[in-house]
J.: 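I am attaching a structure below and will ask some questions about it afterwards.
Just so we're on the same page: letters track the sequence lines, and every chain starts at 1. Every heavy atom of this structure was used, including side-chain atoms; hydrogens, water molecules and symmetry mates were not.
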Protein chains: 2
Amino acid sequence: MRIIGGKWKGSILWHLKEGPVRFNDLTRMLGGASKKMVNQRLKEMEAQGLLVRTVLNDRPIAVSYTITEFGRSSLAILEQLKYWAEKHDI
Amino acid sequence: MRIIGGKWKGSILWHLKEGPVRFNDLTRMLGGASKKMVNQRLKEMEAQGLLVRTVLNDRPIAVSYTITEFGRSSLAILEQLKYWAEKHDI
DNA sequence: CTGGATCCGTATTGATACTG
DNA sequence: CAGTATCAATACGGATCCAG
């Protein structure tokens, strides 16, 4: 729970499933999360090895986040959780 | 995550796996959780249908908590989470 | 564009003492 | 035994402004 619990981590991993996503795009995808929150979670998750931060460019700065194999393995658990939740209508 | 997330819910369900447990016993099993915390979680979890509260006696009052089928179904997810966590040494 | 810094209100948690 | 009441500490969350 310390690794994948909380309000946003699951959603972030979910949105990284198809490939790298940039910071602002991710913030928009999460609709409702402030940039501060997204940034805090991303830092935690990078430290935990769930994703990798990549600087694409300086001036203008561009950054993307990519899910790691470890992150992908946690996604498998999250998908089962999702299936369980839907089955019980929650 | 709203249902089984948080700091104590998983542990509470885990300890109810083998059968009904009484309030103080449960508090001791959770070592470190105050009675207030345990009680708050138990109330939530009863409202969510994860467990049932049963009054065994008045004077001296005795109460036990029993996991429901729904609670047991969530335990299956938690066990997979546990397996995943151990596999990755967390 | 990607954040950092700050402020501020709310939620969660914890320790302790108390009740029936 | 099974909680409740109270108070203090901390974490969390959002809004806003600023910077490279």
Side-chain angles (χ1 to χ4, degrees), chain A residues 1-16 18-68 71 78 90, chain B residues 1-16 18-68 71 78 90:
Chain A
M1 286 299 176
R2 279 196 309 277
I3 307 298
I4 56 174
K7 192 170 179 180
W8 300 109
K9 286 180 172 183
S11 303
I12 291 175
L13 289 169
W14 185 260
H15 288 297
L16 294 183
E18 309 296 343
V21 180
R22 297 189 39 190
F23 180 79
N24 275 355
D25 292 339
L26 194 53
T27 302
R28 273 187 292 273
M29 289 170 175
L30 295 174
S34 68
K35 291 195 293 179
K36 174 183 158 187
M37 279 303 103
V38 178
N39 203 31
Q40 282 181 3
R41 284 329 127 226
L42 288 172
K43 271 188 184 171
E44 278 181 28
M45 294 168 74
E46 191 192 6
Q48 291 167 338
L50 288 167
L51 48 80
V52 174
R53 179 182 187 271
T54 311
V55 177
L56 305 173
N57 282 302
D58 300 339
R59 262 180 333 279
I61 186 165
V63 179
S64 78
Y65 293 88
T66 311
I67 193 170
T68 61
L78 289 169
I90 11 182
Chain B
M1 285 299 176
R2 279 195 308 276
I3 308 298
I4 56 174
K7 192 171 179 179
W8 300 109
K9 286 180 172 182
S11 303
I12 290 174
L13 289 169
W14 186 260
H15 288 298
L16 294 184
E18 309 295 344
V21 180
R22 296 188 39 189
F23 180 80
N24 275 354
D25 292 339
L26 194 53
T27 303
R28 273 187 292 273
M29 288 169 176
L30 295 174
S34 68
K35 290 195 291 179
K36 175 182 156 186
M37 279 302 101
V38 177
N39 201 34
Q40 282 182 3
R41 285 328 128 227
L42 288 173
K43 273 187 185 173
E44 279 181 28
M45 294 168 75
E46 191 191 7
Q48 291 166 339
L50 289 167
L51 49 79
V52 174
R53 178 182 187 272
T54 310
V55 177
L56 304 173
N57 282 302
D58 300 340
R59 262 178 336 277
I61 186 166
V63 179
S64 77
Y65 292 88
T66 311
I67 193 170
T68 61
L78 289 169
I90 12 184

J.: Would you mind reading off the distance between A:W8 atom CH2 and D:dG13 atom C1', rounded to a whole angstrom?
T.: 10 Å

J.: Taking CE from B:M37 and C1' from C:dT16, how many angstroms apart are they, rounded to a whole number?
T.: 14 Å

J.: Contact class for B:R59 vs. all strands (heavy atom < 4.0 Å): base, sugar-phosphate, or nothing?
T.: nothing

J.: Closer than 4.0 Å, any side-chain N/O of B:R22 to the OP1 or OP2 of D:dC1?
T.: no

J.: Nearest heavy-atom pair of A:I61 and A:R22: which atoms, and what distance?
T.: O-NH2, 4.3 Å

J.: How long is the line joining NZ of A:K7 and C1' of C:dT12, in whole Å?
T.: 14 Å

J.: Give a yes or no on whether a salt bridge exists between B:E44 and B:R41, defined as a side-chain N under 4.0 angstrom from a carboxylate O.
T.: yes

J.: Within this structure, what is the CD1-to-C1' distance between A:I61 and C:dT2, rounded to whole angstrom?
T.: 6 Å

J.: Specify the separation, in whole Å, of atom NZ of B:K36 and atom P of C:dT19.
T.: 18 Å

J.: Pick base, sugar-phosphate or nothing for A:N39, based on heavy-atom distances below 4.0 Å to the nucleic acid.
T.: sugar-phosphate

J.: If each of A:R41 and B:K35 is mapped to the nucleotide of DNA chain D with the nearest heavy atom, which maps nearer the 5' terminus, i.e. the 5' end?
T.: B:K35

J.: Atom OH of B:Y65 and atom CG of B:L51: how far apart are they, to the nearest 0.5 Å?
T.: 8.0 Å

J.: In whole Å, I'd like the distance from the CD atom of A:E44 to the C1' atom of D:dC12.
T.: 11 Å

J.: Let me know which of A:R2, A:K9, A:K43 forms a side chain to side chain donor-acceptor pair (under 3.5 Å) with A:Q48.
T.: A:K9

J.: Please report, rounded to the nearest Å, how far the P atom of D:dA2 is from the CE atom of B:M29.
T.: 12 Å

J.: Considering all heavy atoms of both residues, which atom of B:I67 and which atom of B:L16 are nearest to each other, and what is their separation?
T.: CG2-O, 3.8 Å

J.: Closest to the A:R53 side chain: C:dT13, D:dG3, C:dT2?
T.: C:dT2

J.: On DNA chain C, check which nucleotide each of A:V63 and B:S34 is closest to and give me the residue with the more 5' one.
T.: A:V63

J.: Given atom CG of B:D25 and atom C1' of D:dG3, what is their separation to the nearest angstrom?
T.: 15 Å

